[in-house]
J.: 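Sending over a structure as structure tokens; questions will come in a sec.
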Amino acid sequence: MFERPRSGERAVLVRVGLGAPVDPDDLNEFTHLAILAVSVPVTTITGRRERPDPRYFVGSGKADQIRMEAEAQGADVILVDHPLSPSQERNLEKLTGKRVLDRSGLILDIFAQRAKSHEGKLEVELAQLKHIASRLVRGWTHLERQRGGSIGLRGPGETQLETDRRLLGKRVKVLTERLDKLRLQRETGRGARVAIPIPSIALVGYTNAGKSTLFSSLTGERAYVADQLFATLDPTVRRLQLPGGTPVVAADTVGFIRDLPHDLVAAFQSTLTEAREATLLLHVIDASDPQRTAHIEEVESVLGRIGAGDIPSINVFNKIDRLDVEPHVDRGEDGMVRSVWISAAQGRGLDLLLHAVAERLSRGVQRMRVQLPLSAGAARARLYASGVVLGEQSGAEVFDLTVDLPEDELALLGRLPGAKLVPVVGDTLEFQGKTHRPQSGWR
């Protein structure tokens, strides 16, 4: 066997077209991933097969070519732009004498470098451990040694491989327990949003579509922005005020990518939760990307996998400064906003987007009197802070508020202990002896 290098620097890239020629855009994306992993691509090997080879994935002839190129170029690692089975990865390593990393392992390595928060780091480590759990047999000759037979260690013994698997299982259990505790804390913090229904919007989209640039432009918050894949991993949440004064919570989330590892989707919940529990999704799309249709489908697929497929959304076509297109809004046959065309970098069309968000959130809003017990003073204060209170009846033994809220959020409010919902009749309301005619909806 071979000594496994601590990190791969000089890399051979391998991409095979299954049933079709290699797409240059897919190859370009994979090259960017390799560079993000702090590697230097020294050569790229492509090919075409009808189906993967069960032994090497690429076929024996192509595997020999990879071995010779790796030796000639002095490569440290071989990066394969496909998910490999443990046996395929092991066979390629045995043949080439080089470390082999498939697409999933490469993406997990990049996430491990870029996760900044404590929760994000734990989630990435958990995903990595699950990914390597079936790959423990690779690259370590000491795993074949059997313990036992010495004084104090007689008996059936335990192989080093079994020991490593047991230790890995313990670490997975510890990480899972820590993440459960952190998620409980996050849910507690999110409880305020449930008790005080403030609409939330989440920016989602294919990586490098411009989500962080748009987030910074909308909120005035300096989010990390770079022209590269996975510029944002940990979620950023800020308050934003819509036209008419309605406050919302905006969240910037991780960018999706083709063939995102399942273990990562399952584990990386700190940012995906913001998308799954949002009131409205802003699907940010690079309008200038020739593969934008395929990227839209990939994002929608991931949203479906995390349980966010049914959340209302607006397509935000960004980077129109690269096209001969002016900012505008597209509507469906029902008159509802479907998409907005903007340039986040130049700040063009942002007013159209904000009004579109306000309009979509106003759909289904109902005016209702909410009667809260006097013990719910904190909930009353938060409702005022959210800007949804139109007025309040004085002199009652309860807090008697009139609010404009969507039906689902009214239902949540009505479930507070001692709360009561009373329909409002007519548009003219009496508050403290004065006639008040509030604006309709959230605007």
Side-chain angles (χ1 to χ4, degrees), residues 4-15 25-42 44 75-84 89 98-133 135 138 175 179 203-213 223-236 252-272 275 284 286 289 291 295 298-299 301-302 305-306:
R4 299 172 65 86
R6 295 182 63 183
S7 63
E9 294 180 354
R10 297 173 62 82
V12 173
L13 308 187
V14 180
R15 169 73 185 174
D25 290 322
D26 289 344
L27 186 58
N28 182 58
E29 179 184 271
F30 182 55
T31 303
H32 280 299
L33 285 174
I35 294 172
L36 278 181
V38 198
S39 65
V40 179
V42 293
T44 300
D76 303 304
V77 63
I78 297 169
L79 304 178
V80 183
D81 191 21
H82 304 275
L84 300 177
E89 204 168 292
K98 308 292 182 182
R99 185 163 63 102
V100 175
L101 205 61
D102 68 355
R103 181 180 177 85
S104 296
L106 178 61
I107 293 176
L108 287 169
D109 182 76
I110 296 170
F111 270 58
Q113 295 178 40
R114 294 184 172 273
K116 302 300 182 184
S117 70
H118 177 59
E119 184 175 4
K121 291 177 180 179
L122 291 179
E123 288 174 326
V124 173
E125 183 183 352
L126 179 60
Q128 286 181 311
L129 291 178
K130 289 182 177 180
H131 180 69
I132 67 173
R135 290 166 162 78
R138 301 182 300 123
L175 290 175
L179 285 170
L203 278 64
V204 300
Y206 206 78
T207 189
N208 207 28
K211 297 183 308 302
S212 296
T213 301
Y224 177 69
V225 176
D227 185 18
Q228 61 185 26
L229 305 178
F230 303 130
T232 302
L233 290 185
D234 296 300
T236 305
D252 187 17
T253 66
V254 64
F256 300 150
I257 195 171
R258 173 176 55 87
D259 299 328
L260 193 64
H262 288 271
D263 285 339
L264 192 58
V265 174
F268 212 80
Q269 295 295 323
S270 64
T271 182
L272 298 180
V284 184
D286 183 351
D289 189 347
Q291 286 195 307
H295 292 170
E298 185 67 33
V299 171
S301 173
V302 175
R305 284 160 58 188
I306 66 173

J.: If you take all heavy atoms of Leu106 and Phe30, which pair is closest and at what distance?
T.: CD2-CE1, 3.6 Å
J.: What residues form a salt bridge (charged side-chain N to carboxylate O under 4.0 Å, His left out) with Asp26, not counting sequence neighbours?
T.: Arg15, Arg258
J.: Which residues satisfy the side-chain hydrogen bond (donor to acceptor under 3.5 Å, both in side chains) test with Glu298, sequence neighbours excluded?
T.: none
J.: Give me the atom names and distance for the closest heavy-atom approach of Asp76 to Lys98.
T.: O-CB, 4.3 Å
J.: Tell me the closest heavy-atom pair linking Val299 and Tyr206, and the distance in Å.
T.: CG2-N, 3.4 Å
J.: Nearest heavy-atom pair of Val14 and His82: which atoms, and what distance?
T.: O-CD2, 4.5 Å
J.: Measure the spacing between CG of Leu27 and NE2 of His32 and express it to the nearest 0.5 Å.
T.: 10.5 Å
J.: Does a donor on one side chain sit under 3.5 Å from an acceptor on the other, for Asp286 and His295?
T.: no
J.: If every non-hydrogen atom of Leu84 is compared with every non-hydrogen atom of Asp102, which pair is closest and at what distance?
T.: N-OD2, 3.0 Å
J.: Using side-chain contact (heavy atoms from CB on, under 4.5 Å) as the criterion, list what pairs up with Asp109, not counting sequence neighbours.
T.: Ala37, Gln113
J.: Indicate yes or no for a side-chain donor-acceptor contact from Ser39 to the backbone of Ala34 under 3.5 Å, with no hydrogens or angles considered.
T.: yes
J.: I'd like to check Arg103 versus Leu33 (side-chain heavy atoms, cut-off strictly below 4.5 Å). Are they in contact?
T.: yes
